[in-house]
Amino acid sequence: MTGNVAEAARAVLDAADPLAKVKAARSAARDWRLGRLAHRFDVAMPDRPARPEKPELLPPNRMPKRGRGGSERGRVALMHALAHIEFAAIDLAFDLVGRFGAQFPTGFTDDWMKVGADEAMHFALLDRRLKQLGSHYGAMPAHDGLWDAASETAHDVLARLAVVPMVLEARGLDVTPATIDRFDAVGDTATARILTRILNDEVDHVRAGRIWFESACAAAGFAPETTWQSLVRRHFRGALKPPFNDSARDSAGLTRDYYQALAVP
């Protein structure tokens, strides 16, 4: 063995350059799959992951308006925002396994290493598409709201699973189909195909979050739906707004019993 899970996860979080982070993510997932990493967690995760100089990170309320994607400039801005989400999602996946993996059997590491590799692939696809359109990741400002959710839940794996895969990634299931339609409508089938691939993968990610959340609830003797609702009220700084992609959520096992009670008009 060449290392352990925590060391590999920490290497991903410590990589600032986007290409280096993608390579570290793929390497960690491959090494785990090939049995090169010990299931050991003796390295602490950082409070914040390393970030490149660009994009400039702004508070969400200072982000420039993107428009609705009717112009090529608007579509590029939307793609940049999506690339940033996937970039942050790499760190979220590896922080989850590095911070909490010792509390679970090896199947937890199996799932979140794969999720992290998926997020790295999604980012690479979007970054390459941005370059084909004359832009690149870092060309526009972004915000760090996703990592704020990680900081808020760094103390509690149930809270992390409740908020990150089961709220934030589930929201991606809701909004991505309309985004795909927007790119298809202007003939940008290349971007639409990338987003379709991301959408299909995200169903698996939400499912993994829900499965491990329910497993941890069962071990603690908690009712999953009401526990999730309590954690979301406490740790999620937003509202659950319809429309919901009920078919995709159902595919992930995230039934209405979870989110209907918290939905706002």
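The side-chain heavy atoms of F183 and T196, taken from C-beta on, include no pair separated by under 4.5 Å. In this structure, I198 and T176 have side chains that are not in contact, with every pair of non-hydrogen atoms separated by 4.5 Å or more. For the pair D14/P46, a side-chain contact is recorded, criterion being any heavy-atom separation below 4.5 Å from C-beta on. Put simply, the side chain of T189 reaches to within 4.5 Å of the side chain of R193, judged on heavy atoms. Side-chain contact check for W212 versus R210: every heavy-atom pair is 4.5 Å or farther apart. By the 4.5 Å heavy-atom criterion applied to side chains, L126 and I194 are counted as neighbours. Side-chain contact check for R160 versus L96: some heavy-atom pair is nearer than 4.5 Å. Contact of the R256 side chain with the D246 side chain is registered, since non-hydrogen atoms from C-beta on lie closer than 4.5 Å.
With a 6.0 Å radius and a threshold of 12 heavy atoms from other residues, nucleotides or ligands, Q132 has its CD atom above the threshold. Atom CD of Q103 has more than 12 neighbouring heavy atoms from other residues, nucleotides or ligands inside a 6.0 Å radius. Other residues, nucleotides and ligands place no more than 12 heavy atoms under 6.0 Å from the CG atom of D47.
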Inset, instruction - Would you check, one step at a time, whether the test side-chain contact (heavy atoms from CB on, under 4.5 Å) holds for Q260 with Q229? - result: CA-CA 10 Å; Q260 197 166 42; Q229 291 160 10; over 6 Å; no

Inset, instruction - Report the C-alpha separation of D144 and R48 in whole Å, then their side-chain angles, then the decisive distance to 0.1 Å, and conclude whether the salt bridge (charged side-chain N to carboxylate O under 4.0 Å, His left out) test is met. - result: CA-CA 11 Å; D144 213 20; R48 300 192 72 81; 2.4 Å; yes

Legend entry - Stepwise side-chain contact (heavy atoms from CB on, under 4.5 Å) test for F213 and L231: CA-CA 11 Å; F213 179 81; L231 290 167; 3.9 Å; yes

Legend entry - side-chain contact (heavy atoms from CB on, under 4.5 Å) between M140 and V76, worked out: CA-CA 10 Å; M140 302 174 187; V76 168; 3.6 Å; yes

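Side chains of R75 and S71: no donor on one and acceptor on the other come within 3.5 Å. Judged by distance alone, the side chains of H122 and D201 do bring a donor and an acceptor atom under 3.5 Å apart. For H84 and Y137, the side-chain atoms include at least one donor-acceptor pair closer than 3.5 Å. Counted by atom type alone, W147 and D95 present zero donor-acceptor pairs between their side chains at under 3.5 Å. S247 and N245 share a side-chain donor-acceptor pair at under 3.5 Å. One side chain, T191 or D188, offers a donor N or O that lies under 3.5 Å from an acceptor on the other. In this structure, a donor-acceptor pair under 3.5 Å is present between the side chains of H205 and D118.
Between M79 and L130, the shortest heavy-atom contact is CB-CD2, 3.8 Å. Closest of all the heavy-atom pairs between A88 and L146 is CB-CD1, 3.8 Å. Nearest heavy atom pair, residue M121 against residue R26, reads CA-NH2, 4.0 Å. The minimum heavy-atom distance between A83 and F123, with the atom names listed, is O-CD1, 3.3 Å. When all heavy atoms of V232 and A162 are compared, the pair lying nearest together is CG2-O, 4.2 Å. Of all non-hydrogen atoms in G253 and Y258, the two that sit nearest each other are O-CE1, 4.2 Å.
Between the CZ atom in F100 and the CG atom in D156 there is a gap of 7.0 Å [rounded to 0.5 Å].
Both F104 and V164 belong to a common hydrophobic cluster when Ile, Leu, Val, Met, Phe, Trp and Tyr are linked at side-chain heavy-atom distances under 4.5 angstrom. Under the 4.5 Å side-chain heavy-atom criterion for Ile, Leu, Val, Met, Phe, Trp and Tyr, L199 and L168 are members of the same hydrophobic cluster. Taken together through direct or relayed side-chain contacts under 4.5 Å among Ile, Leu, Val, Met, Phe, Trp and Tyr, W112 and I211 form parts of separate hydrophobic clusters. Cluster membership check: V167 shares its hydrophobic cluster with L262, using side-chain heavy-atom separations under 4.5 Å among Ile, Leu, Val, Met, Phe, Trp and Tyr. A single hydrophobic cluster is not seen to contain both F94 and V43; linkage of ILVMFWY side chains at heavy-atom distances under 4.5 Å, directly or through other members, places them apart.
A cation-pi contact, defined as under 6.0 Å to the ring centre and within 45° of the axis, links R249 to Y259.
The main-chain N or O of N4 is found under 3.5 Å from a side-chain atom of E7 such that the two form a donor-acceptor pair. Judged purely by atom type and a 3.5 angstrom limit, T153 uses its side chain to pair as donor or acceptor with the backbone of A149. Using modelled atom types, one side-chain atom of R10 and one backbone atom of A44 make a donor-acceptor pair closer than 3.5 Å. Put simply, the side chain of T109 never gets that close to the backbone of P105: no donor and acceptor are under 3.5 Å apart. For K131 (side chain) and H136 (main-chain N/O), no donor-acceptor pair under 3.5 Å exists by modelled atom type. A distance-only check finds a donor-acceptor pair linking the side chain of R207 to the backbone of S251 [under 3.5 Å]. Here the side chain of K21 pairs no donor or acceptor atom with the backbone of A16 at under 3.5 angstrom.
Every side chain to side chain donor-acceptor pair (under 3.5 Å) that E152 has, sequence neighbours left out, goes to H235, R237.
The pair D204-K114 does not count as a salt bridge, with every side-chain nitrogen at least 4.0 angstrom from each carboxylate oxygen. Looking at R171 and D174, a side-chain N of the basic residue comes within less than 4.0 Å of a carboxylate O on the acidic one, giving a salt bridge. With respect to D91 and R51, a salt bridge is recorded, a charged nitrogen being found less than 4.0 Å from a carboxylate O.
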In a table with atom names and distances, give each donor-acceptor pair under 3.5 Å that connects a side chain of residues 217-224 to protein atoms at least two apart or in another chain.
none

